[in-house]
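Written below as structure tokens is the structure these notes are about.
Letters go in sequence order (proteins before strands), and every chain restarts at 1.
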Number of protein chains: 2
Amino acid sequence: MSRPTNPLALAVLSYLVQRPMHPYELSTTLRDHDDARSIKFNHGSLYMVFKQLDKAGLIRPLAVTREGARPERTTYELTDIGRAELHDWLAELVGEPVFEYPRFVTALSLIGVLPPDEVVELLTDRLAALGRSETEIQGLIDGSGTHPLFTIEEEYRLAQVRTEIAFVEGLIQRITDPERGWAAPWVAFHQGDNP
Amino acid sequence: MSRPTNPLALAVLSYLVQRPMHPYELSTTLRDHDDARSIKFNHGSLYMVFKQLDKAGLIRPLAVTREGARPERTTYELTDIGRAELHDWLAELVGEPVFEYPRFVTALSLIGVLPPDEVVELLTDRLAALGRSETEIQGLIDGSGTHPLFTIEEEYRLAQVRTEIAFVEGLIQRITDPERGWAAPWVAFHQGDNP
DNA sequence: TGGCGATTAGTTGACGCTGACTAGTCATTC
DNA sequence: GAATGACTAGTCAGCGTCAACTAATCGCCA
């Protein structure tokens, strides 16, 4: 009945607006375009999503083909309703920020249960990983000789990663700075160990 | 059996390390501490999570009480295994960045299906909302008279929101700039409409 | 030519999450 | 004093997701 909420469904609509496809074809297309970096994608989920979109009337089976003894492939096309939904959904995603719960936000909100020394170590590890991530993204942007529209989401990621790097560096400094005394309110994590 | 993956479970462990609680008590505590901003939280899920943690041996029922004709309240306490898991889990979250799929990244990767003019409008809407979000977070940080440790996650959010604002502003400029000609590769969204 | 792994294409079951529901109690108001 | 709404406390069904599985075909090497 109602529109799927899975972002993968949005990707399906976006590709079907160009031409009809069957699930497996889309699966490989998504792989080839590196879309898995921007859209969480499970091979198995794709078939569910197609089924849901069909039931919701956003797509419709166009043809069933078969090659040799392989399983049947059902090709789907977008309906007019689907086209409209694609537009509205995407417009909503672009126009209205969604309040989200990144893992690091959760971690930060609970970080008081870890002893400060260990936090500094962990943040240093994180910093290293973030650095690797930064160069990886940079490589993707430089490497793709295509129009910048196609790497716009990587540019966004890059900006966020750099911000996080700066934040973590600042955080480490604040914790270790003997002047400003960060130490006070840490919750004892293992009460039993320091009697 | 295995440890729950729901971040809410991490919050449960983090609070139980301080003192035993029953689910409803934790529910109100989370509400009061504004933790819902950093940890996705459903009243109903909490009971699931307690059950899962119990089954996994990370917490253990301590006592069952009852007031009047109200339902029973089961108080849980952390086990040693739970304490260890809390530590490892949180350390992992702090030390290793997780690859995530923010809605805006998905939107950006598919933005080619919307006509440029509309994208600019939508991004302008987004900018307004991000501005409101920025002042809201700023208010939270300034308003809490407490130790900065307790608003560290809001500071992180603030940094990310500001980065996004700058990014969106830049994106609008790039799209509208007549020199650099962004227009080329937009995918016709509604083929039927412009014959 | 026969055997191994990779690829093609899709199905299934278990699990976890969400939202809605139950059901009693307290405070307030008319 | 009884109707209203908010709070307390917890349960549960439906649905969506994911990982694992099936099962046939193709390429390749010896």
Side-chain angles (χ1 to χ4, degrees), chain A residues 1-12 15 20-32 36 39-56 58-59 61-76 89 98-101 103 106, chain B residues 1-13 20-32 36 39-56 58-59 61-76 89 98-101 103 106:
Chain A
M1 281 302 170
S2 64
R3 175 185 97 183
T5 58
N6 189 338
L8 184 53
L10 186 63
V12 171
Y15 276 92
M21 292 198 199
H22 55 88
Y24 188 79
E25 186 182 359
L26 189 57
S27 175
T28 54
T29 305
L30 289 174
R31 263 214 317 264
D32 296 348
I39 299 157
K40 194 163 184 188
F41 162 56
N42 270 63
H43 172 74
S45 309
L46 206 52
Y47 294 88
M48 296 291 118
V49 165
F50 267 82
K51 213 169 283 179
Q52 290 167 30
L53 287 173
D54 185 7
K55 215 165 65 181
L58 308 190
I59 65 176
L62 178 65
V64 178
T65 63
R66 174 190 284 269
E67 278 178 26
R70 296 255 180 78
E72 291 180 341
R73 298 179 307 187
T74 306
T75 302
Y76 290 86
W89 191 359
V98 179
F99 193 91
E100 280 168 335
Y101 301 85
R103 292 308 225 249
T106 304
Chain B
M1 283 297 172
S2 64
R3 173 184 99 182
T5 58
N6 190 337
L8 184 53
L10 186 64
V12 171
L13 296 177
M21 291 198 199
H22 54 88
Y24 188 79
E25 186 182 1
L26 188 57
S27 174
T28 53
T29 306
L30 289 174
R31 264 213 319 262
D32 296 349
I39 300 158
K40 195 163 183 189
F41 161 55
N42 270 63
H43 173 74
S45 308
L46 206 52
Y47 293 88
M48 298 288 120
V49 165
F50 267 82
K51 213 170 285 179
Q52 291 166 31
L53 287 172
D54 185 8
K55 214 165 65 181
L58 307 192
I59 65 175
L62 180 64
V64 177
T65 63
R66 173 191 285 268
E67 278 179 26
R70 297 255 180 78
E72 292 181 341
R73 299 178 308 187
T74 305
T75 303
Y76 290 86
W89 190 359
V98 179
F99 193 90
E100 280 167 336
Y101 300 85
R103 292 309 225 248
T106 303

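Between the axis at the start and the axis at the end of the helix from C:dT1-D:dA30 to C:dC30-D:dG1 there is an angle of 10°, using five pairs per end and rounding to 10 degrees.
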Just the table, please: protein N/O against nucleotides 15-18 of chain C N/O, every pair under 3.5 Å.
residue	atom	partner	partner atom	Å
C:dC17	OP1	B:N6	ND2	3.1
C:dC17	OP2	B:Q52	NE2	3.2
C:dT18	OP2	B:S45	OG	3.1

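Note: CG (A:L10) to P (D:dG16) measures 16 Å, nearest angstrom. Atom-to-atom, NE2 of B:H22 to P of D:dT11 comes out at 13 Å; the value is rounded to the nearest Å. Across the protein-nucleic acid pair, B:L26 atom CG and D:dT8 atom P stand 14 Å apart, rounded to whole Å. What separates OH of B:Y24 from C1' of C:dG24 is a distance of 13 Å, to the nearest Å.
No hydrogens or angles were tested; on distance alone, nothing pairs the side chain of B:H43 with the base of C:dG19 as donor and acceptor under 3.5 Å.
Counting heavy atoms from C-beta on, the side chains of B:K40 and B:P7 never come closer than 4.5 Å. Put simply, the side chain of A:M21 does not reach to within 4.5 Å of the side chain of A:T75, judged on heavy atoms.
The side chain to side chain contact (heavy atoms under 4.5 Å, CB included) search around A:Y76 returns A:L16, A:P23, A:F50, A:D54, A:I59, A:P61, A:T74, not counting sequence neighbours. A search for ring-ring contact (aromatic ring centres under 6.0 Å, His included) contacts involving A:F41 returns nothing, not counting sequence neighbours. Residues that satisfy the side chain to side chain donor-acceptor pair (under 3.5 Å) test with B:E100, not counting sequence neighbours, are absent from this structure. For the ring-ring contact (aromatic ring centres under 6.0 Å, His included) test, residues two or more places apart in sequence or in another chain that qualify with B:Y101 are B:F99.
Note that the CZ atom of B:R103 and the CG atom of A:L10 stand 9.0 Å from one another [nearest 0.5 Å].
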key: Derivation and outcome, side chain to side chain contact (heavy atoms under 4.5 Å, CB included), residues A:L8 and A:L30   = CA-CA 10 Å; A:L8 184 53; A:L30 289 174; 4.1 Å; yes
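Dashed line: the shortest gap from a side-chain N or O of B:Y47 to OP1 or OP2 of D:dT11 is not under 4.0 Å.
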